[in-house]
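Here the structure is laid out as structure tokens; the discussion comes afterwards.
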Amino acid sequence: QVQLVESGGGSVQAGGSLRLSCAASKYTYGGFCMGWFRQAPGNEREGVAVIYSGDGRTDYADSLNGRFTISQDNAKNTLYLQMNSLKPEDTAMYYCAAGLFSSSNSCSAARWKGRGFIYWGQGTQVTVSS
């Protein structure tokens, strides 16, 4: 069992930056795929970014256009999401998730619908005003 606790959300103006953190209760390297997902009211959940702990490969939603960066500090069992040039459409609840996957390809594929991620945090709200 892995507990995930997100932090770092808040309210910012468009163009600003935030860094989200996700603290895991135990190690999440090796075959773990860690990801950030978001969901705005009335919208489906969207896979923002994932990172495969086995090789560090990352995958991002095309809509981000390079504004976000996912990273992981294995020594601290912490996942990060650096969000720059924030836009009002980035407003959502952001969730951290983890699951065991056999490869970075399967990790990247799982970002699409979040299937296979068995551990989820409670979420942290990000609000971007124009």
Side-chain angles (χ1 to χ4, degrees):
Q1 188 78 10
V2 179
Q3 280 79 45
L4 303 172
V5 179
E6 303 96 335
S7 62
S11 297
V12 295
Q13 290 191 328
S17 298
L18 283 174
R19 188 177 80 156
L20 305 183
S21 298
C22 172
S25 61
K26 60 184 291 186
Y27 66 86
T28 54
Y29 45 89
F32 269 93
C33 177
M34 304 293 296
W36 288 99
F37 295 81
R38 66 186 181 185
Q39 188 166 21
N43 290 357
E44 290 188 353
R45 184 177 64 197
E46 177 187 18
V48 175
V50 295
I51 182 168
Y52 188 61
S53 296
D55 58 13
R57 177 180 164 182
T58 58
D59 190 75
Y60 296 90
D62 292 340
S63 61
L64 299 178
N65 291 321
R67 297 182 296 118
F68 293 6
T69 302
I70 189 171
S71 61
Q72 187 172 19
D73 186 333
N74 290 336
K76 296 181 179 179
N77 291 340
T78 302
L79 180 73
Y80 301 100
L81 184 69
Q82 178 66 43
M83 305 186 295
N84 298 327
S85 302
L86 283 161
K87 303 176 180 180
E89 51 263 45
D90 295 318
T91 295
M93 185 70 79
Y94 283 71
Y95 299 91
C96 171
L100 280 168
F101 289 79
S102 60
S103 69
S104 54
N105 285 339
S106 59
C107 173
S108 296
R111 179 188 61 75
W112 179 246
K113 291 291 186 182
R115 294 194 182 115
F117 288 89
I118 59 175
Y119 304 111
W120 292 83
Q122 294 299 308
T124 185
Q125 178 68 38
V126 172
T127 302
V128 185
S129 58
S130 58

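The structure presented is a predicted model; accordingly, all values stated were derived computationally and were not measured. We number each residue from 1, following the sequence as shown.
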Testing the basics here: between [X] and [Y], what is the closest heavy-atom pair and its distance to 0.1 Å?
| X | Y | value |
| --- | --- | --- |
| Ala92 | Gln125 | O-NE2, 3.4 Å |
| Thr78 | Lys76 | OG1-O, 2.9 Å |
| Arg45 | Gly114 | NH2-CA, 4.0 Å |
| Ser129 | Pro88 | C-CG, 4.4 Å |
| Ala49 | Tyr60 | CB-CD2, 3.5 Å |
| Gly123 | Met93 | C-SD, 3.7 Å |

Are [X] and [Y] linked, directly or through other ILVMFWY residues, by side chains that come within less than 4.5 angstrom of each other?
| X | Y | answer |
| --- | --- | --- |
| Leu64 | Leu79 | yes |
| Tyr95 | Phe101 | yes |
| Trp36 | Ile51 | yes |
| Phe32 | Leu81 | yes |
| Ile70 | Leu86 | yes |

Look up atom [atom1] in [X] and atom [atom2] in [Y], then write down how far apart they are to the nearest 0.5 Å.
| X | Y | atom1 | atom2 | result |
| --- | --- | --- | --- | --- |
| Arg111 | Thr58 | CZ | OG1 | 10.5 Å |
| Thr127 | Gln13 | OG1 | CD | 13.0 Å |
| Ser130 | Lys87 | OG | NZ | 13.5 Å |
| Met83 | Thr69 | CE | OG1 | 11.0 Å |
| Arg19 | Ser7 | CZ | OG | 9.0 Å |
| Tyr119 | Leu100 | OH | CG | 7.0 Å |

I'd like to check [X] versus [Y] (side-chain heavy atoms, cut-off strictly below 4.5 Å). Are they in contact?
| X | Y | value |
| --- | --- | --- |
| Arg57 | Cys107 | no |
| Glu89 | Ser63 | no |
| Gln1 | Gln3 | yes |

Residues that Tyr94 engages under ring-ring contact (aromatic ring centres under 6.0 Å, His included), provided they are two or more places apart: none
Quick check against the 3.5 Å criterion: does [X] have a side-chain atom that pairs as donor or acceptor with the backbone of [Y]?
| X | Y | answer |
| --- | --- | --- |
| Thr91 | Val128 | yes |
| Glu6 | Cys96 | yes |
| Ser21 | Gly8 | no |
| Trp120 | Leu4 | no |

Over 12 foreign heavy atoms within 6.0 Å of CD, Gln122: no
All salt bridge (Lys or Arg N to Asp or Glu O under 4.0 Å) counterparts of Asp90, not counting sequence neighbours: Arg38, Arg67
